[in-house]
Amino acid sequence: MSTVIRNGTIVTADLSYKADVLVENGVIAEIGKGPAGDTELDATGCFVMPGGIDPHTHLEMPFMGTYSTDDFESGTRAALAGGTTMVVDFALPSPDQGLLDALQMWDNKSTRANCDYSFHMAITWWGERVFNEMETVVRERGINTFKHFMAYKGALMVNDDEMYASFQRLAELGGIALVHAENGDVVAELSAKLLAEGNTGPEAHAYSRPPQVEGEATNRAIMIADMAGVPLYVVHTSCEESHEAIRRARMQGKRVWGEPLIQHLTLDESEYLNPDWDHAARRVMSPPFRNKKHQDSLWAGLQSGSLSVVATDHCAFTTDQKRYGVGDFTKIPNGTGGLEDRMPMLWSQGVNTGRLTPNEFVAVTSTNIAKILNCYPKKGAVLVGADADLVVWDPEKEKTISAATQQSAIDYNVFEGQKVKGLPRFTLTRGHVAVHDGEMRTQEGHGKFVARDANGPVNRALSSWKELTAPRPVQRSGIPATGV
Ligand code: URP
Ligand code: ZN
Ligand code: ZN
Ligand code: ZN
């Protein structure tokens, strides 16, 4: 069974050119003029791009007393509807749970995925068991990325000694350290003070997490990663303070990447001042939405290359779940959706405005991610032999985003009412046409796990500290006697 995508313009991170694409057995078999296939997809007027990769999702995740509502079925269906063909979710061990036990839970949940997926492992506590199991996770399970929460004190947060130990272990194993960079101690202090002063509403969530807590943690993580000699990937980079640290580190030759979210690029802090409690609470996430100065910084980072990837951090809670936090903003489950909207929103506000070229769009939604995560060119490429994870993108197709028509299982959409221009005509997941002229043809369980090897020595980070200041004792002639 073969499919040919006819009359489109192929757009990759490097090139745009007219050619047809023949897909056989789930992979790209031929790129050129006029190959024949059993079925034809008409891409006239469209761009044929690598499907989006969202490197940051939380599907059916136990968090803050509940579970995020989109699971691997509805979450990956939403992804495909918006042109995303692979998600990377976080396997999150509960306190004292082993890494491999947590992975087993994620293996079980992900059998329902409609598109391919991979996992990051979270380090939520530290001990010999974690140290030992990390090797199995990297070498036998194909997971080379490990997230550390510097926030969520008393729950997921790890301290600096634990983080440093884990970073050193990752440096040995050829892994990449991920960080949620917010100073959890300061957030806890600010939250307690705000509550004591009667600030109980969702706006106080934003007050409790100013850009400084993110900037401080980003700088700290960069320095600790440098001392360990491990590459560092900063998730949900939302502000200039954090971006500045990443930019500086990159200019110093440190291997550091930043990941802004589509929400932070396009929605701002005024959402929290909305008089409707539900409206504001639905937008509570960490870090919170920022002002225009920070948004401009993030866009500039994507344009200049100091920020590498656009993700969603899709972690969707219903309005009822958000209401756990009525009377105490610290109990509002943190997270927002975006899987279906990332590509159309970024195209509309990035490409249609002239901020990004179509090739840069492909880079930040797919190719850069595949390279960092070590699954390129299986993913993130339009090349013979690559998986046929493709989106046939119609730059003229328009819609108004609405919860009424979305795939996500929650009852609202943070982008409600936004007009987008640029949407998938077809989305293919390993050759299967999952979206066909707006009609959903997903297959539950079609998605397969994508294993990602550890980085070889060429991809590892140099440490500006470890290599250059190797400690050694000084030879001295006169050593004074003690206690005299
Ligand atoms: O608010 C957020 N971001 N929720 C999801 C968990 C996380 O911190 O990434
Ligand atoms: Zn996070
Ligand atoms: Zn997250
Ligand atoms: Zn058709």
Side-chain angles (χ1 to χ4, degrees), residues 53-71 75 79 87-94 102 106 117-124 145-158 163 177-184 187-188 191 202 204-206 208-209 213-214 217-218 221 232-239 242 257-265 267 269 271-272 280-290 309-318 321-322 324-325 329-339 342 369 373 408 410 414:
I53 302 172
D54 192 334
H56 190 156
T57 69
H58 302 279
L59 301 173
E60 204 183 338
M61 177 177 77
F63 191 47
M64 296 186 73
T66 183
Y67 280 81
S68 57
T69 287
D70 277 320
D71 58 15
V87 301
V88 190
D89 206 77
F90 291 84
L92 210 75
S94 48
W106 259 257
Y117 58 91
S118 191
F119 299 136
H120 307 289
M121 190 77 235
I123 298 295
T124 54
T145 41
F146 289 68
K147 180 174 181 182
H148 306 74
F149 291 90
M150 301 170 78
Y152 306 123
K153 189 176 180 179
L156 302 171
M157 182 169 126
V158 286
M163 207 164 74
L178 274 55
V179 283
H180 171 133
E182 287 185 303
N183 185 317
V187 169
S191 300
H205 172 79
S208 74
R209 313 181 97 97
V213 301
E214 189 181 338
T218 305
L232 182 74
Y233 180 104
V234 183
V235 305
H236 47 49
T237 306
S238 79
C239 64
S242 177
W257 300 280
E259 171 206 81
L261 306 182
I262 190 63
Q263 295 91 321
H264 290 120
L265 287 161
L267 302 171
E269 63 186 6
E271 302 279 359
Y272 300 117
R282 288 162 172 166
R283 287 152 180 84
V284 162
M285 67 171 301
S286 297
F289 301 163
R290 308 294 191 190
V309 161
V310 176
T312 64
D313 194 3
H314 188 98
C315 187
F317 297 101
T318 62
Q321 290 175 305
K322 291 283 185 180
Y324 296 166
F329 72 88
T330 65
K331 298 197 163 53
I332 301 170
N334 286 201
T336 60
L339 260 172
R342 176 183 68 135
I369 307 168
L373 299 185
S408 164
I410 63 169
V414 295

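One-based numbering, in listed order, for ligands and for the atoms of each. Predicted model, so just to flag it, every value in this text is computed and none were measured.
Nearest protein neighbour of atom 1 (O) of ligand 1, counting heavy atoms only, is S286 N, 2.8 Å. The nearest protein atom to atom 6 (C) of ligand 1, hydrogens excluded, is given as H58 NE2, 3.6 Å; this is a heavy-atom distance. Closest protein heavy atom to atom 3 (N) of ligand 1: D313 OD2, 2.6 Å.
Take the Zn ion (ligand 2) as the corner point: the lines to NE2 of H236 and to NZ of K147 open at 120°, to the nearest 10 degrees.
Nearest N/O/S atom of H180 relative to the Zn ion (ligand 2): this is ND1. In D313, the N, O or S atom that comes nearest to the Zn ion (ligand 3) is OD1.
Contact check for V309 versus H56: no side-chain heavy atoms found under the 4.5 Å cut-off. Residues H236 and E182 form no side-chain contact, since every pair of their non-hydrogen atoms from C-beta on lies 4.5 Å or further apart. Between R283 and F289, some side-chain heavy-atom pair lies under the 4.5 Å cut-off. Considering only heavy atoms from C-beta on, S118 stays 4.5 Å or farther from L373 through its side chain. A 4.5 Å side-chain heavy-atom check between I332 and H205 finds every atom pair outside the cut-off. For the pair Y152/N334, a side-chain contact is recorded, criterion being any heavy-atom separation below 4.5 Å from C-beta on.
Ligand 1 places these atoms under 4.0 Å from at least one heavy atom of H56: 9 (O). The distance from ligand 1 to the heavy atoms of H236 drops below 4.0 Å at these ligand atoms: 8 (O), 9 (O). Close contacts between ligand 1 and C315 involve ligand atoms 5 (C) [criterion: under 4.0 Å to a heavy atom]. Under a 4.0 Å criterion applied to the non-hydrogen atoms of K147, ligand 1 contributes the atoms 7 (C), 9 (O).
For the atom pair CZ of R209 and OG of S191, the computed distance is 6.5 Å after rounding to the nearest 0.5 Å.
The part of H180 lying near ligand 1 is the side chain, judged by heavy-atom distances below 4.0 Å. Contacts of N334 with ligand 1, taken as heavy-atom pairs under 4.0 Å, involve both backbone and side chain.
Looking at every heavy atom in both residues, M61 comes nearest to L92 through SD-CD2, 3.5 Å. Nearest approach of F63 to L156, heavy atoms of both residues: CE1-CD1, 3.7 Å. Contact detail for P202 and Y272: the closest heavy-atom pair is O-CD2, 4.4 Å.
Using a non-hydrogen distance threshold of 4.0 Å, Q263 does not register as a contact of ligand 1.
With a cut-off of 2.8 Å, the Zn ion (ligand 3) has an N, O or S atom of H58 in range.
One option in F149, F63, F90, Y152 has a heavy atom closer to atom 2 (C) of ligand 1 than any other, and that option is Y152.
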